Each structure stands twice: as structure tokens, then as C-alpha cells.
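The structure under discussion appears below in the form of C-alpha cells.
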Amino acid sequence: MPRHDDVALVAAARGGSDAAFARIVDRYQGPLRSFLVRVSGSRADADEIAQEAFLTAWTRLRGLREADRLKSWLFSIAWRKARTRLRSMARSRARDAAWLDMQPDHEAPQGEMALAVRQALAQLPVDQRAALALCLAGGWSHGDAAAILDMPLGTVKSHVGRGRVRLMDLLDAGDSSTGRGE
Amino acid sequence: MTQDDPLAAVFRADDVPAVDPAFRIAVMQRVAARRLRLELAARLVAVAALFVIAVLLAPVAGALAQPLGPVFNDIPAVLCLAGSAALAGYLWLTRRIRLPLV
């Protein structure tokens with residue numbers, strides 16, 4: 001994705017162009033929502049956080065110093081919102097779990113593999129989940145991920161390394177238990 | 001993540017569609033709502049500032065108007081002045097405001 005396009009879009013959006021901001025939304029909604037689904041474990045929560053992130057971005061667009069770093073700026077806004085929301089959700093999750101279990105086909109991801117990924121990711125700490133989602137799924141470098149997550153580089157590398165091993169273990173365990181059941 | 005990475009396919013299975021028009025519409029609706037709130041707030045502040053200025057200037061204006069008493073006896077002139085002031089106020093309040101978004 002050419003970054004000079006981002007600079008032009010940011011300039012136009014700062015000038016009041018809704019069309020330019022809508023193009024920014026279209027350009028980055030896919031990767032941002034995918035990242036948030038992996039972090040939050042829920043499509044509905046991810047969409048809500050992503051909408052809030054874009055809204056905050058629109059409000060603070062004039063404060064963005066390096067327009068060519070628009071994507072990482074959006075991700076860092078989304079991460080801060082996700083972290084705050086996940087903390088409050090953790091308190092209500094237990095209360096909601098019983099109700100959600102009663103709903104038919106509640107937010108079923110497409111396919112068994114997607115379900116297995118979400119279940120495996122959900123067992124990791126949220127920081128580790130976010131580092132994995134950025135570096136393994138999103139293709140971000142460790143340095144960029146560290147900037148987005150506001151963590152030291154070493155911490156991100158450690159999260160990715162350990163998270164990767166644990167995720168593979170969880171997915172393997174899921175496969176073998178499924179195999180035993182068949 | 002390389003194409004050979006076994007986790008690549010695993011993560012791709014749970015990717016969100018690249019573009020969802022409904023999502024974009026939802027974001028732009030929230031943007032429009034926030035812009036409306038910001039503009040209303042800016043205009044409210046402007047009206048409040050005008051009111052404060054009018055209150056502060058009332059004694060001065062009263063003192064200045066004392067010698068002009070005979071002039072204000074002329075009703076068409078008073079109406080003309082009041083109308084001009086009202087028009088100026090209307091034009092000022094309904095001007096396009098460039099919001100400081102930071």
C-alpha cells in the first residue's frame with residue numbers, strides 16, 4: 001500500500017473531506033478488525049472497538065505528525081481502546097457467559113479452524129495475543145508491533161516466541177482431542 | 001510470517017473481509033454525529049461569549065447613548081440600527097466554523 005496515498009488522504013480528510021476519511025476506513029478496516037477479533041475474541045466487540053478507534057482517529061487527525069505512519073497510528077489507537085475495553089469486559093464476561101451459551105450458534109466463526117484459532121488465542125494473555133496477532137497474523141515487524149503496543153522490543157519478541165509455541169501446542173492438542181473423539 | 005508458516009493458514013481462516021460497506025457506513029454515521037455535536041458546542045460557546053460581551057458592554061453603551069437620546073427618538077432609525085445588528089449577528093452565528101479538531 002503506497003504510503004504517499006495515505007499522506008494525501010490524511011491531508012484531504014484534515015481539510016474536511018468525508019470521502020477521503022471513508023477511503024481511509026475502507027483501506028484499513030480489514031486488517032484492523034482482524035487484529036481486534038484476534039485480541040477480543042468476538043466479532044461484535046471487535047467492530048465496536050474498531051468504530052471507536054476510527055472515530056477517535058477522525059477527531060485527532062490534525063494531531064497526527066507523520067501521516068505516512070497512519071496505519072500504525074490507527075492500530076495503536078485501537079489497541080489502547082481494546083485493552084481498556086477488555087479490562088471492563090473481563091468483569092462482565094462471567095455474567096454474560098451463561099446467557100451467551102444459551103444463544104444458538106452464538107457468533108460462530110466460519111469453519112472449525114477459525115473456531116480452533118479463537119479458542120486457542122483466548123487462552124493466551126491479552127498482551128501475548130496482541131503481539132501474535134500483529135506479528136504472525138498481520139505481518140508487522142517486531143519493532144512496529146512494539147511501537148503500536150507501547151511495549152519494549154524484547155517483550156514483544158518474547159511474547160511472539162512463547163505465544164507461537166503455546167498456540168501450536170494448543171492447536172495440536174485440539175487436533176488430537178478431536179481425532180480421539182472420532 | 002511466510003507462506004510456509006503453518007500458522008499463516010490458521011490465521012487466514014479467521015480473517016475479516018477486507019471491505020465491509022456496512023462497517024464504513026456505521027463509522028461515517030458516528031463521524032457525522034460527532035461533527036454535529038462539536039459544531040453545536042462551538043456555536044453555544046459563541047452565543048455565550050456574545051451574551052457576556054453584551055452584558056459587559058451594556059453600561060458603556062448606555063453612557064454613550066445618553067447624548068444620543070434625541071437620535072433614538074427617531075423610530076425608523078432605531079429599527080434600522082437594530083435590524084442591522086440582528087443581521088450582523090445572524091451572519092456571524094451562521095458562518096462556517098473551521099473546528100480545531102486536536
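The sequence lines fix the lettering, A, B, ..., with proteins before strands; numbering per chain opens at 1. This one's a predicted model, so the numbers in the text were calculated from it and none came from an experiment.
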Has Arg83(A) got more than 12 heavy atoms of other residues, nucleotides or ligands less than 6.0 Å from its CZ?
yes
CZ (Phe21(A)) and CZ (Arg24(B)) are apart, to the nearest 0.5 Å, by 12.5 Å
Are Val31(B) and Tyr28(A) connected, step by step, through hydrophobic side chains (Ile, Leu, Val, Met, Phe, Trp, Tyr) whose heavy atoms are closer than 4.5 Å?
yes
Where does Ala46(A) contact chain B at under 4.5 Å (heavy atoms): side chain, backbone, both or neither?
neither
Heavy-atom pairs under 4.5 Å with chain B - which of Val37(A), Asp47(A), Leu36(A) has more of them than the others?
Asp47(A)
Residues which pass side chain to side chain donor-acceptor pair (under 3.5 Å) with Glu48(A), listed by chain and number, not counting sequence neighbours
Arg30(B)
Would you mind checking if Arg38(A) and Asp15(B) are paired as a salt bridge, meaning a charged N to carboxylate O distance below 4.0 Å?
yes
Run the side-chain donor-acceptor check on residues 78-93 of chain B: report pairs under 3.5 Å with partners two or more places apart or on a different chain.
| from | atom 1 | to | atom 2 | distance (Å) |
| --- | --- | --- | --- | --- |
| Ser84(B) | OG | Cys80(B) | O | 2.8 |

Are Met168(A) and Leu136(A) linked, directly or through other ILVMFWY residues, by side chains that come within less than 4.5 angstrom of each other?
yes
Between the side chain of Gln51(A) and the main-chain N/O of Ala26(B), is any donor-acceptor distance below 3.5 Å?
no
Is there a path of hydrophobic side-chain contacts, each under 4.5 Å between heavy atoms of I, L, V, M, F, W or Y residues, that connects Leu121(A) with Leu149(A)?
yes
Let me see the working for Arg35(B) and Asp18(A) under side chain to side chain contact (heavy atoms under 4.5 Å, CB included), right down to the final yes or no.
CA-CA 11 Å; Arg35(B) 177 187 286 122; Asp18(A) 282 350; 2.6 Å; yes
From the list Asp20(B), Val27(B), Val19(B), the residue making the most non-hydrogen contacts under 4.5 Å with chain A is Asp20(B)
Let me check something: do Val16(B) and Leu132(A) share a hydrophobic cluster, defined by ILVMFWY side-chain heavy atoms less than 4.5 Å apart, either directly or through other members?
no
Please determine, among Asp26(A), Leu64(A), Val25(A), the option with the most heavy-atom pairs under 4.5 Å with chain B.
Asp26(A)
Ignoring hydrogens, what is the shortest heavy-atom contact between Arg43(A) and Pro17(B)? Give both atom names and the distance.
NH1-CD, 4.3 Å
